[in-house]
Amino acid sequence: MSVNDKQYRVKVFDLVKAIPRGRVMTYGQIAMILGEGYTARTVGYVMHGADDGVPWQRVINSQGKISTGRLSIPVNLQQSILEQEGVVFSAKGKCDLEKYQWWPEGFEMEEEQPSLLN
DNA sequence: AACTTGACGAGGG
DNA sequence: CCCCTCGCCAAGT
């Protein structure tokens with residue numbers, strides 16, 4: 001499996017599509033849930049090619065900040081879309097993950113089971 | 001094949 | 001909270 005495989009990317013997109021409006025997930029979190037073969041960096045790489053229908057704006061970094069820095073996507077754009085969904089950001093551009101981070105059904109921080117979504 | 005660059009993340013100062 | 005260093009791994013040169 002690699003980022004070039006369709007299935008590899010589809011797993012990421014399917015998970016992202018499951019994120020409810022007004023909630024977010026982090027790159028590392030997604031990598032951890034998908035498990036073997038996935039890392040925060042590869043998830044980020046896959047996300048730059050997200051097609052329509054994928055709520056890409058709901059994926060942020062582990063600090064609760066937007067990390068589209070040097071890309072074609074302006075940071076303010078992603079943040080404003082999220083704010084429009086109800087996510088509140090501090091003046092420094094950080095949101096409270098405790099409050100907005102979303103976990104798939106039956107998946108808790110405590111358990112270390114990376115193979116529920118396969 | 002070597003080297004640089006990231007939609008990253010954890011840890012230290 | 002900011003900045004830096006590393007580990008990470010795929011892409012582009």
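In what follows, every chain begins at residue 1, and chains take the letters A, B, ... in the order their sequences are listed.
Whole-Å rounding puts the A:Asn61 CG to C:dC8 C1' distance at 16 Å. Regarding A:Leu34, its CG atom lies at a distance of 17 Å from the P atom of B:dC8, rounded to whole Å. In this structure, A:Arg41 places its CZ atom 12 Å from C1' of B:dT4, rounding to the nearest Å. When the C1' atom of B:dA7 is taken as reference, atom CG of A:Leu82 falls 13 Å away, rounded to whole Å. Rounded to an integer number of Å, the gap from A:Lys92 NZ to C:dC3 P is 13 Å. Atom OH of A:Tyr8 and atom P of C:dA10 are 7 Å apart (whole Å). A:Phe13 has its CZ atom 12 Å from the C1' atom of B:dA7, to the nearest Å. Atom CD in A:Gln63 sits about 15 Å away from atom P in B:dG12, given to the nearest Å.
Results of the side-chain contact (heavy atoms from CB on, under 4.5 Å) test with A:Met47 over A:Thr42, A:Ile30, A:Val12 single out A:Val12 as the only residue that passes. Of the candidates A:Ile33, A:Leu97, A:Ile60, A:Val16, A:Ile33 is the only one forming a side-chain contact (heavy atoms from CB on, under 4.5 Å) with A:Met25.
The pair A:Glu85-A:Arg23 fails the salt-bridge criterion, with no side-chain N (NZ, NE, NH1 or NH2) lying under 4.0 Å from an Asp/Glu carboxylate O.
Distances were taken from every side-chain heavy atom of A:Ser67 (C-beta onward) to each of C:dA11, B:dC8, C:dC1; the shortest belongs to B:dC8. Looking at the side chain of A:Val3, the nearest of the listed nucleotides C:dC1, C:dA10, B:dA7 is C:dA10. Residue A:Thr42 places its side chain closer to C:dA10 than to any other of C:dA10, B:dG9, C:dA11. Across B:dG9, C:dA11, B:dG6, the shortest atom-to-atom separation from the side chain of A:Tyr45 is found for C:dA11.
Between C:dC1 and A:Lys94, a contact under 4.0 Å exists linking OP1 or OP2 to a side-chain N or O. Under 4.0 angstrom from either OP1 or OP2 of B:dA10 there lies at least one side-chain N or O belonging to A:Ser62.
Using a 4.0 Å heavy-atom cutoff across all strands shown, A:Tyr27 reaches at least one base atom of the nucleic acid.
A:Gln78 places a side-chain N or O within donor-acceptor distance of the main-chain N or O of A:Gln57, the cut-off being under 3.5 Å. Between the side chain of A:Tyr100 and the backbone N or O of A:Gly64 there is no donor-acceptor pair closer than 3.5 Å.
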